[in-house]
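This structure is a prediction, so every number in the text was calculated from the model and none was measured. Reckoned from all heavy atoms, side chains included, excluding hydrogens, waters and symmetry mates. Here is how names work: the chains are called A, B, and so on, in the same order as the sequence lines, proteins then strands, and each is numbered from 1.
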4 protein chains.
Amino acid sequence: MSLIEQYKDVRSNTENICKPLQTEDYVVQVAEFASPAKWQLAHSTWFFETFILIPYLPGYKLYNKDFPFLFNSYYNNAGDRVLRANRGNLTRPTVEEVYDYRQYVDNSMLMLLAQSKLPAELVAITQLGINHEQQHQELLLSDIKFMFGQNPLFPAYDSQTKLMNQEKNTSTGSLKISEGVYTIGYQGNGFCFDNELSVHKVYLHDFEIEKSLVTNGEYLEFMDAGGYEDFNLWLDEGWAWLKNNQISAPMYWHKIDGEWMHYTLKGLRKVEADHLLKHISFYEASAFAEWKGMRLPTEFEWEIASNQLHWGQRWEWTNSAYLPYPGFKKAAGAIGEYNGKFMINQMVLRGASIASSPNHSRSSYRNFFHPHTQWQFTGIRLAK
Amino acid sequence: MSLIEQYKDVRSNTENICKPLQTEDYVVQVAEFASPAKWQLAHSTWFFETFILIPYLPGYKLYNKDFPFLFNSYYNNAGDRVLRANRGNLTRPTVEEVYDYRQYVDNSMLMLLAQSKLPAELVAITQLGINHEQQHQELLLSDIKFMFGQNPLFPAYDSQTKLMNQEKNTSTGSLKISEGVYTIGYQGNGFCFDNELSVHKVYLHDFEIEKSLVTNGEYLEFMDAGGYEDFNLWLDEGWAWLKNNQISAPMYWHKIDGEWMHYTLKGLRKVEADHLLKHISFYEASAFAEWKGMRLPTEFEWEIASNQLHWGQRWEWTNSAYLPYPGFKKAAGAIGEYNGKFMINQMVLRGASIASSPNHSRSSYRNFFHPHTQWQFTGIRLAK
Amino acid sequence: MSLIEQYKDVRSNTENICKPLQTEDYVVQVAEFASPAKWQLAHSTWFFETFILIPYLPGYKLYNKDFPFLFNSYYNNAGDRVLRANRGNLTRPTVEEVYDYRQYVDNSMLMLLAQSKLPAELVAITQLGINHEQQHQELLLSDIKFMFGQNPLFPAYDSQTKLMNQEKNTSTGSLKISEGVYTIGYQGNGFCFDNELSVHKVYLHDFEIEKSLVTNGEYLEFMDAGGYEDFNLWLDEGWAWLKNNQISAPMYWHKIDGEWMHYTLKGLRKVEADHLLKHISFYEASAFAEWKGMRLPTEFEWEIASNQLHWGQRWEWTNSAYLPYPGFKKAAGAIGEYNGKFMINQMVLRGASIASSPNHSRSSYRNFFHPHTQWQFTGIRLAK
Amino acid sequence: MSLIEQYKDVRSNTENICKPLQTEDYVVQVAEFASPAKWQLAHSTWFFETFILIPYLPGYKLYNKDFPFLFNSYYNNAGDRVLRANRGNLTRPTVEEVYDYRQYVDNSMLMLLAQSKLPAELVAITQLGINHEQQHQELLLSDIKFMFGQNPLFPAYDSQTKLMNQEKNTSTGSLKISEGVYTIGYQGNGFCFDNELSVHKVYLHDFEIEKSLVTNGEYLEFMDAGGYEDFNLWLDEGWAWLKNNQISAPMYWHKIDGEWMHYTLKGLRKVEADHLLKHISFYEASAFAEWKGMRLPTEFEWEIASNQLHWGQRWEWTNSAYLPYPGFKKAAGAIGEYNGKFMINQMVLRGASIASSPNHSRSSYRNFFHPHTQWQFTGIRLAK
């Protein structure tokens with residue numbers, strides 16, 4: 001696909017994700033970590049406007065001089081911004097106006113990308129903008145799910161969604177990998193994030209990794225065995241998290257009339273034992289592994305094993321902290337704030353999920369969240 | 001006006017207040033104290049459904065079995081409810097559905113009220129419901145203003161609103177009242193709240209009360225004289241409030257390019273020196289009075305002087321705590337939670353404001369808020 | 001007693017209160033509201049140093065130039081100070097050094113007070129300092145009790161203390177007072193606080209007030225009847241306080257092996273049914289009164305009835321907010337911060353307690369605390 | 001040294017550290033992370049009582065049945081305990097009684113250890129207890145320093161202490177290490193913690209590491225260059241930490257009359273430019289490295305380079321998260337809570353400090369703290 005086609009494709013995908021929403025659903029911010037859909041539609045647009053149109057399209061006029069303040073996320077270099085926690089307080093601009101903003105920026109972007117001989121730097125930043133918007137597509141889905149999941153009415157996002165078509169394991173057994181020096185990092189010619197570089201060597205010891213992900217049924221055994229009451233299974237901060245937040249089941253699970261139900265994108269459904277577990281924190285993944293007498297793989301083990309695994313339905317917690325690779329270099333300017341500054345207190349997830357955008361997964365991809373995070377489409381793969 | 005006319009009148013007034021809103025504006029809760037317009041539209045409807053239709057209209061069917069949980073405010077006797085802070089998280093039911101709910105309940109109410117020979121108890125509770133909805137009309141305006149006032153775009157609520165037509169004093173000088181025994185409380189035959197009773201006597205000492213309210217210009221003198229920096233003028237908890245919240249001007253005031261502007265229902269406007277000050281806390285009112293070498297009147301002084309004063313543009317802070325009158329009796333059941341349980345830690349305001357509903361003011365009316373409250377249309381009248 | 005005798009008397013009484021303490025017991029601050037004994041010993045000394053020795057004793061030298069910063073409590077006019085919450089972090093100066101400081105200041109004070117012809121202003125401020133130290137004597141006892149009461153070992157303050165010799169009612173029945181105009185405020189020639197003035201008139205309606213205080217046994221009936229579970233009995237903020245702090249009994253009560261015990265100055269003891277209830281908040285007092293179908297008296301009713309009541313064992317919560325009397329004037333300078341600036345959000349208590357200093361009670365005395373306060377020696381007298 | 005000599009040695013060292021303290025200094029807890037000296041004296045004793053005397057000394061009688069509750073730190077398997085934040089509220093048992101407790105347990109331990117043929121398990125747990133007490137010796141020093149450092153009087157811990165004799169670098173230049181497979185972990189026959197195992201291989205790329213630690217003078221250059229104001233140098237959570245806590249210099253630094261002073265164990269002293277920087281957080285270390293265009297070493301680089309480096313004056317922050325080594329196994333029972341459960345959200349420090357106990361350092365030693373931690377004797381060594 002050409003760059004211009006990629007651009008059009010990703011922009012329309014974003015809007016398709018929002019199709020099932022009512023106007024009201026675009027506005028609200030239920031938790032600090034979950035941004036309103038309206039904000040995300042505008043923010044991904046602001047990214048193109050700020051980092052591409054302003055520097056590269058001569059004569060470009062800002063759609064609205066207040067929008068940079070409203071829709072900057074965390075780029076200190078790009079100026080002041082609305083506090084993250086206040087994104088949901090803004091009923092204006094309206095949803096309609098945000099769609100107008102998207103249209104306005106798209107028109108300019110398409111004009112710009114239609115030029116022959118695009119400078120390499122412009123191509124690179126456009127690709128970053130496309131990948132950035134793809135990341136927000138997954139956030140849109142997880143944030144919308146979170147918002148509806150807090151509503152006592154449990155409204156369905158889309159009762160016909162195809163995103164839940166693959167919820168079961170397709171392989172069983174485990175894979176053995178022998179110790180030795182392996183190469184890690186993105187080695188292709190396409191796009192990758194700066195955090196996937198530089199390519200480097202690691203020494204891995206013999207390990208075994210499961211071909212299947214943990215299912216709801218297996219996790220229910222852990223729960224029934226008192227997994228949430230046995231502090232010996234938990235990291236100390238995990239146990240504190242569980243106590244402070246009164247956690248006793250994965251996010252979205254509700255015991256109703258003696259039966260476990262969970263909120264899904266299709267609404268409230270029965271928890272199916274053979275479906276893949278989702279929406280668990282690193283702390284829960286770690287406790288479950290401990291209970292099984294196993295462990296989580298490192299991100300390096302995962303990457304080396306990945307070409308022999310079936311993956312892509314759940315983001316898989318690894319026992320690796322999110323830290324720079326040897327030789328990591330962050331980009332100059334505001335774009336340098338993209339990844340590097342988050343390399344503390346977060347754990348790496350590998351793979352992809354049913355909510356990940358098409359054309360947005362790689363075996364070298366490093367996703368990262370704080371260990372208490374549950375609202376992403378996370379799961380568990382065990383190793384030993 | 002007949003009861004049925006009153007009902008229709010107040011219900012349509014509520015919807016008129018919401019006319020200038022976009023769908024997005026109905027949903028958001030900017031602070032715990034400020035409820036979304038959608039919630040208020042539904043809550044005042046729930047009041048009629050819960051306390052009138054269910055007990056008095058045979059065969060009445062709930063519009064939606066989940067709504068009582070969603071739209072109960074603070075009536076413990078009426079069952080569980082959504083946490084106050086979460087009212088803004090509910091994008092569903094949609095605004096349209098809430099208007100349907102209003103219509104549904106109105107149809108039933110009109111059917112009920114059209115009956116001849118309404119029991120006295122039903123009339124009483126309907127009158128309470130009407131007055132309750134009038135109270136929410138003022139809250140709608142103050143909450144909407146607060147929401148827009150937090151938006152960096154400062155959108156106008158209604159640039160043509162007539163609510164701001166009377167912003168100046170019409171009298172000057174002061175009024176002297178002689179000491180003696182006076183009678184306090186509601187003595188008419190119409191509706192009043194339980195907190196205005198029983199009628200009782202108080203002894204007042206000689207006092208003098210201003211015929212005018214404090215203006216922006218007078219308050220600017222206080223600010224220019226360092227009023228916000230001199231702890232000797234402030235109550236101890238007022239000083240802590242000011243420091244913790246970095247308060248240095250009334251709510252909605254912004255110094256822009258060296259000039260004091262304030263957010264109003266018409267949008268951002270210049271602060272006019274001869275307009276009546278508004279949106280100040282009791283702490284600010286108290287400090288201002290101290291600076292003037294005067295004091296705030298008690299609620300009893302206010303009530304006795306009121307028939308010789310021009311009032312109704314601002315809620316006037318008094319130096320009386322909100323406590324029961326001698327002989328105060330709260331109603332039985334859930335309605336008993338209306339007023340009595342709030343009689344602690346709040347100060348009484350007397351009068352009414354430009355945002356108060358027509359036909360909803362009395363010289364015996366006791367409004368009450370915590371002393372740090374700023375978002376109501378409050379003002380200052382001095383005494384000595 | 002002469003002023004110099006009064007001074008010596010009150011200073012030695014303070015040190016007598018501390019006799020049962022170990023060095024360790026002087027240092028710790030268990031809660032922000034409860035100051036360490038060491039701090040109180042020094043602070044009451046600082047009061048004399050700052051407001052008397054510095055202005056009135058020519059050539060007086062500060063004991064230590066850092067002490068004003070360490071031992072100022074809340075007098076903004078007297079300069080910066082250690083944050084209240086940090087008073088317990090100061091292990092130095094040592095206890096011994098603080099006693100040296102007391103000795104040093106006492107020597108200077110005695111020299112000053114021995115002069116003939118003391119200026120009236122000096123006498124007045126010395127009397128205030130003496131009364132101030134008496135207030136801290138009661139705080140010492142309540143703060144020490146609170147500290148020991150948090151210790152799982154429940155150490156006795158003094159197993160032989162005579163403070164607990166009078167724990168029962170000596171009268172029963174009720175007293176009726178007729179409506180009319182009454183005079184309120186301190187009318188004697190001795191010392192009183194500014195908040196007891198000016199003398200003024202109030203109109204009281206017919207009321208009845210109990211001659212006895214509520215006993216543990218009566219309160220246990222309230223508890224057994226589900227008083228802590230019935231929200232209809234509680235003020236709204238009282239109910240929130242109870243829920244947030246998981247309150248289900250008076251402070252210091254523990255159910256051990258099925259029996260109610262409470263921590264006392266003599267250590268852990270059985271709760272005696274016929275002893276006077278103590279350590280309850282205004283919220284608890286108010287709920288109990290509601291349950292009884294009665295109410296708390298106002299401070300004016302209390303004052304008028306007081307000469308026919310037996311009082312002095314418990315601080316009695318009234319249903320009056322702590323507000324200025326008509327004609328209240330605060331003193332000039334730092335001393336003006338003594339009372340007036342606290343006249344918001346607090347309720348008046350009348351009477352005195354077993355922990356009050358001898359010669360420190362008057363029927364016009366206005367004690368005041370926030371309504372959630374429990375650690376003072378508070379109790380309940382009902383009215384209707 | 002025999003085990004019994006080691007035991008006696010470490011026990012008396014602990015008490016020597018406390019020699020300069022006054023009784024008051026033993027009691028207070030200034031912050032949740034810093035335990036009172038009294039608590040630490042008792043807690044390290046409780047460890048021997050709980051894990052050795054009770055299981056291994058027949059007929060041993062608890063010194064006091066309440067002490068396990070008071071002096072357990074974080075061992076869930078060893079029963080309930082006082083909340084960490086409340087350790088400073090306990091004035092009883094007194095300091096003297098805690099020394100009696102130490103004596104009592106020492107007597108029993110010496111009796112037990114004097115037996116011939118000690119079971120291997122007993123030897124192992126005794127060695128762990130000794131190392132545990134050594135860790136508390138360093139905590140004693142850092143916690144005492146923190147307590148005195150918060151006191152406006154800045155009392156010296158010991159103005160003659162020899163701990164500050166070595167404050168300068170003794171080497172300069174850098175060390176180059178070539179890429180390849182290296183062996184990591186404790187390979188000796190003596191004691192090591194479980195987290196130093198198992199011995200395993202890592203692949204290191206070419207790197208260079210400084211022979212010297214960063215000095216105050218070098219850090220002052222960073223400060224003077226605006227290092228605390230340039231968000232581009234900081235990790236995102238580091239920048240938030242700095243803003244929320246208003247950090248603009250290392251812990252204990254105060255600018256007094258235009259000169260940088262810092263609180264030290266000898267009291268307030270001038271910051272010497274050629275002394276080694278101390279008391280900085282990982283966030284500060286990371287920002288400084290960024291400003292220098294360098295980075296922090298990984299813990300593996302550090303371990304491999306360590307035998308060619310001079311180290312031991314500062315705990316050196318590495319850019320490695322505290323995670324289990326391949327093959328890590330935690331011990332059974334309560335002892336298993338020693339290290340493993342903390343393997344999240346913390347960064348590894350390598351080396352030792354001037355406050356570390358003699359005979360308590362190894363090149364394989366893994367110390368760990370949260371990245372905002374400043375109160376330990378931390379420093380910076382750069383790599384690239």
Side-chain angles (χ1 to χ4, degrees), chain A residues 18 20-32 34 36-39 41-42 63-72 79-83 85-99 101 143-157 263 267-268, chain B residues 18 20-32 34 36-39 41-42 63-72 79-83 85-99 101 143-157 263 267-268:
Chain A
C18 296
L21 302 185
Q22 300 287 334
T23 299
E24 291 87 339
D25 303 328
Y26 281 90
V27 185
V28 160
Q29 181 173 31
V30 176
E32 184 163 345
K38 189 179 77 169
W39 188 91
L41 289 178
Y63 177 79
N64 181 317
K65 71 175 174 40
D66 291 315
F67 280 21
F69 179 76
L70 299 180
F71 300 122
N72 179 1
D80 288 339
R81 59 188 179 279
V82 164
L83 281 180
N86 294 340
R87 289 175 186 168
N89 293 346
L90 307 175
T91 62
R92 311 288 179 92
T94 61
V95 173
E96 194 181 342
E97 203 174 353
V98 164
Y99 275 109
Y101 177 39
D143 292 358
I144 290 167
K145 180 170 181 178
F146 188 71
M147 176 181 69
F148 284 145
Q150 307 305 306
N151 190 317
L153 306 178
F154 294 126
Y157 159 67
Y263 175 71
L268 202 64
Chain B
C18 295
L21 302 184
Q22 299 289 333
T23 300
E24 291 87 339
D25 303 328
Y26 282 90
V27 185
V28 158
Q29 181 173 32
V30 175
E32 184 163 346
K38 190 179 76 170
W39 188 91
L41 289 178
Y63 177 80
N64 181 317
K65 71 172 175 40
D66 291 316
F67 279 21
F69 178 77
L70 298 180
F71 300 121
N72 179 0
D80 288 339
R81 58 190 180 277
V82 164
L83 282 180
N86 294 339
R87 289 176 186 168
N89 293 347
L90 307 175
T91 62
R92 311 289 179 89
T94 61
V95 172
E96 195 181 342
E97 204 175 353
V98 164
Y99 275 110
Y101 176 40
D143 293 359
I144 290 166
K145 180 171 181 180
F146 188 71
M147 176 180 69
F148 284 144
Q150 306 305 306
N151 190 317
L153 306 178
F154 294 125
Y157 158 67
Y263 175 71
L268 203 63

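Looking at B:Y26, there are no atoms closer than 4.5 Å to chain A (heavy atoms on both sides), in backbone or side chain. Of the atoms belonging to B:P36, not a single heavy atom falls under 4.5 Å from chain A.
Among A:L21, A:V28, A:N64, the residue with the largest count of heavy-atom pairs under 4.5 Å with chain B is A:V28. Ranking A:V95, A:D25, A:V30, A:N86 against chain B, the residue ahead of the rest is A:D25, based on heavy-atom pairs under 4.5 Å. Put simply, of B:Q150, B:E96, B:M147, the one with the most heavy-atom pairs under 4.5 Å next to chain A is B:M147. Interface summary for chain B: among A:N151, A:L90, A:V27, A:D66, the most heavy-atom pairs under 4.5 angstrom belong to A:N151.
With a 4.5 Å cut-off on side-chain heavy atoms, A:C18 and A:Y99 count as touching. Side chains of A:P152 and B:F69 form a contact here, defined as non-hydrogen atoms less than 4.5 Å apart.
Across B:Y263 and B:P155, no two heavy atoms sit closer than the pair OH-O, 2.5 Å.
Here the side chain of A:E24 pairs no donor or acceptor atom with the backbone of B:T94 at under 3.5 angstrom.
The distance between the ring centers of A:F148 and A:Y157 does not fall below 6.0 angstrom.
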